[in-house]
Q: 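Dumping the structure here so I can ask a few things about it.
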Protein chains: 2
Amino acid sequence: MATGRTHRPATRSRGIPEATVARLPLYLRALTALSERSVPTVSSEELAAAAGVNSAKLRKDFSYLGSYGTRGVGYDVEYLVYQISRELGLTQDWPVVIVGIGNLGAALANYGGFASRGFRVAALIDADPAMAGKPVAGIPVQHSDDLERIIQDNGVSIGVIATPAGAAQAVCDRLVAAGVTSILNFAPTVLSVPDGVDVRKVDLSIELQILAFHEQRKAGEEAAAGGAQATAARSESADQGPDGDVPAVMPA
Amino acid sequence: MATGRTHRPATRSRGIPEATVARLPLYLRALTALSERSVPTVSSEELAAAAGVNSAKLRKDFSYLGSYGTRGVGYDVEYLVYQISRELGLTQDWPVVIVGIGNLGAALANYGGFASRGFRVAALIDADPAMAGKPVAGIPVQHSDDLERIIQDNGVSIGVIATPAGAAQAVCDRLVAAGVTSILNFAPTVLSVPDGVDVRKVDLSIELQILAFHEQRKAGEEAAAGGAQATAARSESADQGPDGDVPAVMPA
DNA sequence: GAATGTGAAGCTTTTCACAGCG
DNA sequence: CGCTGTGAAAAGCTTCACATTC
């Protein structure tokens with residue numbers, strides 16, 4: 001049974017709609033790529049295409065940040081990179097701990113995109129004493145007995161849970177008690193956290209099930225369409241993960 | 001430049017709203033747990049708590065599937081498990097290929113939740129000849145030269161991309177050309193696909209950036225609240241990251 | 001009495017379309 | 001003249017609250 005159930009006021013955060021926040025990282029990635037190619041400015045149309053959204057949405061999103069574009073010209077790439085980074089809080093350093101160094105935990109530790117954008121793997125933690133001291137991605141794994149101390153010593157406020165489902169809630173409780181206020185959960189479980197703590201989950205099997213749903217529908221339609229030539233007229237479309245709904249957060 | 005841009009009619013699928021589809025796997029997981037404990041029936045209130053949503057939403061969601069509950073009593077667990085499984089298309093077998101057997105690909109191959117719910121890892125594919133033949137999670141890795149043949153021989157319609165970002169679009173194109181119509185993308189890139197192909201993305205760094213945004217906001221509020229005792233009255237709240245949009249990760 | 005199923009209300013998000021600025 | 005910024009309309013999702021059914 002769950003404890004502190006977590007509802008969600010669902011409101012926008014500091015004026016920026018949650019849906020917009022969820023897209024800022026996407027824009028940032030596209031802008032970073034342009035920046036690396038030394039492209040000086042970009043139009044909403046071009047940037048939207050690169051990020052996989054439509055241009056009206058992008059302009060509306062940017063309008064929540066301020067008026068950073070120039071009419072008739074577009075947006076200054078470097079300037080936007082900076083503004084979005086700042087808005088997302090990426091101009092500061094975020095020490096992160098990863099708990100559960102199995103296959104997935106190791107993959108995460110090795111993930112390059114981690115270090116690149118303000119995030120730093122401050123520690124790897126596992127419950128298996130045999131893992132202790134073994135380096136993964138160049139970082140020695142520490143035993144979970146020391147979890148609280150590690151969190152405090154490193155001033156960690158973001159924790160990643162990559163343990164088996166059965167251990168996730170207990171790990172979560174300890175992380176929260178030690179001061180972590182944001183959790184990225186890879187374990188297939190619903191976590192209970194007190195108010196003030198954010199949880200986001202990444203769940204492979206849920207994603208697959210959603211794909212299966214649509215896949216099944218396609219098959220059904222084909223059959224209904226009468227066997228042959230059903231394919232030509234089809235215009236299903238797809239976009240990168242529907243997104244849309246969002247996460248949590250907000251103050252009273 | 002993107003090619004076949006992918007918009008998305010965004011409409012509900014066969015009468016069931018997208019947001020509801022995204023929650024069905026959550027309900028299914030909670031129901032499966034109840035089923036294993038031989039609980040015969042459950043109320044919307046209880047099930048909602050277990051799934052981390054509110055009960056009105058859950059009832060509305062179920063209403064799209066039909067009237068499967070009994071007033072005054074609740075829902076029959078076994079029956080609901082079956083109905084949701086069927087709706088999601090999990091009563092059939094879905095052969096899946098994983099392309100890119102690095103850290104992450106291996107983690108995915110070993111992921112148990114995979115096999116459990118109708119999904120079967122039909123093949124592991126990697127571009128590195130040195131990997132060929134090596135078993136991962138008991139399945140021998142095959143070279144990507146054979147990708148098309150593997151897809152066709154196994155009747156695969158769902159592909160998982162766990163390659164580095166640079167290789168993702170090319171892999172995606174080959175998968176689609178070979179007949180795959182649903183793709184789960186872990187590479188941090190926007191994929192272009194023709195209409196009729198679904199893409200969902202899972203992106204670690206995007207999730208972290210969203211957490212950082214909220215984390216930063218909390219810090220700002222605390223300061224604004226005047227240093228001390230700001231914590232007590234706070235009622236932040238959080239719920240399990242809503243899924244919805246998503247995005248990418250990658251191996252070395 | 002208890003709990004579902006659902007119209008209707010309220011929000012949020014997306015899209016449209018165009019005025020306004022460089 | 002091109003492209004941003006944004007009111008206003010449309011679509012979608014969530015929550016309310018209660019009639020309905022067992």
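All chains are named by letter (A, B, ...) in the order of the sequence lines, taking the proteins before the strands, and each is independently numbered beginning at 1.
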Q: If you look only at pairs with a residue in residues 60-84 of chain A, which of them pass as a salt bridge (Lys or Arg N to Asp or Glu O under 4.0 Å), with sequence neighbours excluded?
A: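 Pairs touching residues 60-84 of chain A that pass the test: R23(A)-D61(A).
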Q: Between T32(A) and L28(A) (side chain of the first, backbone of the second, donor and acceptor by atom type, cut-off under 3.5 Å), is there such a pair?
A: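 Yes; at least one donor-acceptor contact below 3.5 Å.
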Q: Not counting sequence neighbours, which residues clear side chain to side chain contact (heavy atoms under 4.5 Å, CB included) with R29(B)? List them please.
A: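 So R29(B) forms a side chain to side chain contact (heavy atoms under 4.5 Å, CB included) with P188(A), D203(A), S205(A), I206(A).
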Q: What's the CG-C1' distance between L58(A) and dT15(C), to the nearest Å?
A: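 The answer, rounded to whole Å, is 14 Å.
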Q: With rounding to the nearest 0.5 angstrom, report the OG1 to CZ distance, T163(A) to F186(A).
A: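 So the OG1 of T163(A) and the CZ of F186(A) are separated by 11.5 Å.
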Q: Round to the nearest Å and state the distance from Y64(B) atom OH to dG5(C) atom P.
A: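 Rounding to the nearest Å, OH of Y64(B) and P of dG5(C) are 13 Å apart.
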Q: Restricting to pairs with a member in residues 162-175 of chain B, which pass salt bridge (Lys or Arg N to Asp or Glu O under 4.0 Å), not counting sequence neighbours?
A: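 Sorted pair list: E148(B)-R174(B).
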Q: Indicate whether OP1 or OP2 belonging to dA2(C) is found under 4.0 Å from a side-chain N or O atom of R59(B).
A: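 No.
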Q: Provide, to the nearest angstrom, the distance between the CD1 atom belonging to I16(A) and the P atom belonging to dT13(C).
A: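 Nearest whole value for this atom pair: 12 Å.
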Q: Can you tell me if T189(B) and Q169(B) form a side-chain donor-acceptor pair at under 3.5 Å?
A: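 Q169(B) and T189(B) do not have a side-chain donor-acceptor pair below 3.5 Å.
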Q: Take the protein atom OH of Y68(A) and the nucleotide atom P of dT6(D), then report the distance between them rounded to whole Å.
A: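 Nearest whole value for this atom pair: 12 Å.
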Q: With a 3.5 Å distance limit and no angle check, can you tell me whether E207(A) reaches the backbone of L204(A) through a side-chain donor-acceptor pair?
A: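 Side chain of E207(A) to backbone of L204(A): no pair is present.
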Q: Could you check whether Y68(A) and F62(A) have their ring centres less than 6.0 Å apart?
A: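 Between F62(A) and Y68(A), the centre distance exceeds or equals 6.0 Å.
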Q: Check the distance between dG12(D)'s C1' and R23(B)'s CZ and give it to me in whole angstrom.
A: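 To the nearest whole Å, that distance equals 12 Å.
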Q: NZ of K57(B) versus P of dT4(C): gap in Å, rounded?
A: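 Value for this atom pair: 17 Å.
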Q: Starting at CG of N54(B) and ending at P of dC16(D), how long is that distance when rounded to a whole Å?
A: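 Whole-Å distance recorded here is 7 Å.
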Q: In this structure, how many angstroms lie between the P atom of dG7(D) and the NZ atom of K60(A), rounded?
A: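 Taking atom P of dG7(D) as the reference, NZ of K60(A) is at 7 Å.
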Q: Let's see if you can work this out: which of dC16(C), dT13(C), dT4(C) has an atom nearest to the side-chain heavy atoms of S44(B)?
A: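 In terms of side-chain proximity for S44(B), the closest of dC16(C), dT13(C), dT4(C) is dT4(C).
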Q: DNA chain C: A56(A) or E45(B), which has the more 5' nearest nucleotide?
A: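 Its nearest nucleotide lies further toward 5', so the answer is E45(B).
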Q: Using side chain to side chain contact (heavy atoms under 4.5 Å, CB included) as the criterion, list what pairs up with S55(A), not counting sequence neighbours.
A: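 Result, side chain to side chain contact (heavy atoms under 4.5 Å, CB included) vs S55(A): S44(A), E45(A), A48(A), R59(A).
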Q: So which of residues 75-83 of chain B are in contact with DNA chain C, with a heavy-atom cut-off of under 4.0 Å?
A: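 Here the set is Y75(B).
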Q: Show the distances under 3.5 angstrom between N or O atoms of the protein and N or O atoms of nucleotides 20-22 of chain C.
A:
from: dG20(C); atom 1: N3; to: R71(A); atom 2: NH1; distance (Å): 3.3

